[in-house]
Amino acid sequence: MKHSTTRQTRRGRGPARRIGRSLAFVLPVVLVLSGTLAVTRVDWSGDPSDSVLAASEASSAKASTARAARAPHEVLRDRLLTELQEEDPGVALTHLQQAVNERPSLADHCATIARALGRAAVKVYGPTRAQSYARPVCDTAFASGVLAAHG
């Protein structure tokens, strides 16, 4: 009978037991920490302006304002489209290249902006004259925008 008892205790020391022991240690720690964090977030003063609800309303208002605010690449695109109409596509392309050089994060949007400039140039100057302004800013995106607007 001793032999069968030894086998049962050995079976109980497998991976499931180790996972169970780990959970038995980690779970109370997580619960205590989350409870502590929850208690620190409660407004104990009774002033509704300091409540977490008011803070969440303010943060959601900020988020909607941020959504209403436009991304830097959208602002740049609109500014360059205005320049294209007021001056010429060459000036807009030069400023696009300068903006990308100054802010490398705009490089991801360079081709999209250049294509938009190419399409706008066709509307303002016609396909032949718009193509004459093409240069290797953002590869050939301006030229492909001209082609897309013309074709």
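Keep in mind the model is a prediction, meaning the values are calculated, not measured.
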Taking only residues two or more places apart in sequence, or in another chain, which ones meet Ala71 in a side chain to side chain contact (heavy atoms under 4.5 Å, CB included)? His73, Glu74
Using 0.5 Å steps for rounding, measure from the CZ atom of Phe142 to the CZ atom of Arg115. 13.0 Å
Mind checking the CG-CD1 spacing from Leu76 to Ile113? Nearest 0.5 Å is all I need. 4.5 Å
Per the side chain to side chain donor-acceptor pair (under 3.5 Å) rule, what does the pair list look like for residues 95-107, sequence neighbours excluded? Glu83-His95, Gln97-Asn101
Please report, to 0.1 Å, the donor-acceptor pairs under 3.5 Å made by any side chain of residues 118-129, with sequence neighbours excluded.
from: Tyr125; atom 1: OH; to: Leu84; atom 2: O; distance (Å): 3.2
from: Tyr125; atom 1: OH; to: Glu87; atom 2: O; distance (Å): 2.9
from: Arg129; atom 1: NH2; to: Tyr133; atom 2: OH; distance (Å): 3.3

Could you list the residues that satisfy side-chain hydrogen bond (donor to acceptor under 3.5 Å, both in side chains) with Thr82, not counting sequence neighbours? none
So which heavy atom on Leu81 is nearest to which on Ala116, and how close? CD2-O, 3.8 Å
Check Cys110 against Val100 and note the closest heavy-atom contact, atom names and distance. SG-CG2, 3.8 Å
Leu117 versus Pro89: any side-chain heavy-atom pair under 4.5 Å? no
I'd like to know if the side chain of Arg77 pairs up with that of Thr112 as donor and acceptor (distance under 3.5 Å, no hydrogens or angles considered). no
